[in-house]
Amino acid sequence: MSNSLDRKKEAWSARFSEPVSELVKRYTASVDFDQRLAQADIRASLAHAQMLSEQGIISSADFDAIVEGMAKIKAEIDRHEFVWSVDLEDVHLNIERRLTLLIGDAGKRLHTARSRNDQVATDIRLWLRDVIDSQYELLQQLQQALVGQACAHTNTVMPGFTHLQVAQPVSFAHHLLAYVEMFSRDAERLIDLRRRVNRLPLGAAALAGTSFPIDRKRVAALLAFDGLCENSLDAVSDRDFAIEYCAAASLIAVHLSRLSEELVLWMSPNIGFIDLPDRFCTGSSIMPQKKNPDVPELARGKTGRVVGHLMGLLMLMKAQPLAYNKDNQEDKEPLFDTADTISDSLLIFIDLVAGIVVKAERMREAAGRGYATATDLADYLVRKGMPFRDAHEAVALAVREADREGIDLGALPLSRLRQCSNLIDEDVFEVLSLEGSLAARNHPGGTAPDAVLAALARHRERLGIR
Ligand code: ARG
């Protein structure tokens, strides 16, 4: 099972008079983390070998042996029996050396017309493509969970905030649908950048292409790439596709952090708009009364590492001369950690959002404090002919009145309201109600129950919810 036979002999050893030190070996090796690319590496190698054999560059017997050997290696890896060796530096050399041990010279022919430079670029793209597809699916599920919650709350009134001050009433459904919009754009971004991830670097070889009569389009088709990386120097060196993914991931993390922050605030006993199921919370080791929203807090915190990885990759790429440089080996850990963090966060939020327990009466009560319908009163006066700036002044007077009494605008008697403007009549109380305020904003994008129902119908259709 071990590949120790050849372990002493590096792939380039003939050129060197002394081996690298243990420290340098550890410093330069990537196998501890890039073994995650093993499945992609095998897939890409099989496509490359098939093309080599179809082009007559290797024999079909060699190709058959490679297929057989790779199947064994894949099984060893799946069963966690494959022995990874730091002496063999990275995932590519580990697999190739094992293949050669298993099938002899045919294994050594696999590397014809390619280099680890185009090989690793291909592997990362294949791996990332799967991540993108699975995270697109998770984003759809998260939107479905948000829409599911929203469906029950088109008439649940809460205060909408600006500057975290009560501003105007909105429905809880409308609030949740704001996040649906954000996550739908995040999903769109993944689809868009997938087109640029899904190009084939193989054939670029080390940097300049290869002298063998390869068929790159055939390899692209075998691996379901949308097209080729059109310049060999660019193909092996740039990692902009990974940076783009990390930028999209950063926006996902930022959107999750906004939602997290609101969940934390809403769950604070001082606000008390929601409760979260116990499975997302922990207690305190000293304060028996505590139930802390750990999951949203952690999600908020993890935004830092995701955005940090984006910065790291940008700096990794900055000022790298053409073509491949070993710097690029540093692309993997941030990329892997970004993908893992986003997948875990999305998975947990799908469950978390569905589990939100809404305290509608607390939301309503909060919307009734803070003069949330003041704008409605100003709009009312405008409809009666008063210029908006004057109406703004008149309502400010009314708010002062109400504030003095410690009551909401709608609780002021008509006579007091008329002191601010004699344009005010009995019909004002409908306008000053929370329901009246919501219903008045009945246009696409507005918070009126009818407008929100229309938005919900659109999202349900788009997300395939029956
Ligand atoms: N482990 C390397 C990486 O991740 C593979 C490519 C190495 N190529 C080279 N010429 N040293 O980038």
Side-chain angles (χ1 to χ4, degrees), residues 3 6-7 9-16 19-21 23-45 48 73 77 82 84-100 108 110-131 197 199-210 229 231-243 245-246 309 312-340:
N3 8 15
D6 276 319
R7 206 171 277 170
K9 194 164 152 281
E10 275 92 8
W12 52 87
S13 56
R15 160 84 177 73
F16 291 81
V20 294
S21 73
L23 178 58
V24 170
K25 196 183 285 172
R26 186 159 59 75
Y27 194 71
T28 54
S30 54
V31 66
D32 282 350
F33 49 85
D34 70 12
Q35 53 181 271
R36 263 188 95 154
L37 296 173
Q39 302 297 341
D41 195 67
I42 292 173
R43 231 189 125 188
S45 285
H48 177 68
I73 292 173
I77 294 170
F82 190 91
W84 299 100
S85 163
V86 178
D87 290 340
L88 294 168
E89 199 179 312
D90 59 22
V91 61
H92 323 292
L93 294 177
N94 268 269
I95 290 179
E96 190 189 319
R97 190 59 56 88
R98 179 75 187 131
L99 185 69
T100 301
K108 295 185 190 165
L110 172 62
H111 211 52
T112 313
R114 86 175 177 186
S115 146
R116 278 185 298 155
N117 296 352
D118 57 347
Q119 190 178 354
V120 69
T122 303
D123 292 359
I124 306 171
R125 285 168 185 264
L126 282 174
W127 179 87
L128 185 55
R129 188 176 73 184
D130 284 348
V131 168
V197 170
R199 307 255 176 88
L200 175 76
L202 273 179
L207 75 164
T210 172
C229 296
N231 177 290
S232 62
L233 298 164
D234 176 48
V236 290
S237 64
D238 206 355
R239 296 290 183 263
D240 60 352
F241 66 91
I243 295 175
Y245 165 74
C246 287
H309 290 326
L313 284 186
L314 282 165
M315 286 307 101
L316 172 70
M317 206 65 243
K318 176 185 174 291
Q320 264 196 54
L322 288 175
Y324 176 85
N325 302 281
K326 189 80 168 184
D327 311 42
N328 280 345
Q329 182 165 290
E330 289 285 307
D331 64 355
K332 286 165 205 66
E333 287 163 293
L335 183 62
F336 293 161
D337 187 64
T338 300
D340 291 343

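Both counts, for ligands and for their atoms, begin at 1 and track the order of listing. Residues: numbered from 1 along the sequence shown.
Partners of Asp331 by side chain to side chain donor-acceptor pair (under 3.5 Å), not counting sequence neighbours, listed by chain and number: Arg239. For Asp32, there are no salt bridge (Lys or Arg N to Asp or Glu O under 4.0 Å) partners two or more places apart in sequence or in a different chain.
Side-chain contact between Tyr324 and Leu207 is absent, with no heavy atoms from C-beta onward closer than 4.5 Å.
Judged by distance alone, the side chains of Arg97 and Ser85 never bring a donor and an acceptor atom under 3.5 Å apart. For the residue pair Gln119 and Asp41, a side-chain donor N or O sits within less than 3.5 Å of a side-chain acceptor on the partner. No hydrogens or angles considered: a donor-acceptor pair under 3.5 Å links the side chains of Gln320 and Asn328.
The distance criterion of under 3.5 Å between nitrogen or oxygen atoms is met by Gln329 with respect to ligand 1. Considering backbone and side-chain N/O atoms, Asp90 comes within less than 3.5 Å of an N/O atom of ligand 1.
Shortest contact from atom 11 (N) of ligand 1 to any protein heavy atom: Arg116 NH2, 3.6 Å. Counting only heavy atoms of the protein, atom 3 (C) of ligand 1 lies nearest to Tyr324 OH, 3.3 Å. Annotation: atom 8 (N) of ligand 1 to nearest protein heavy atom, Asn117 OD1, 2.8 Å.
Put simply, part of Lys332 is less than 4.0 Å from ligand 1, judged by heavy atoms.
Residue Ser30 has at least one heavy-atom neighbour below 4.0 Å for each of these atoms of ligand 1: 1 (N).
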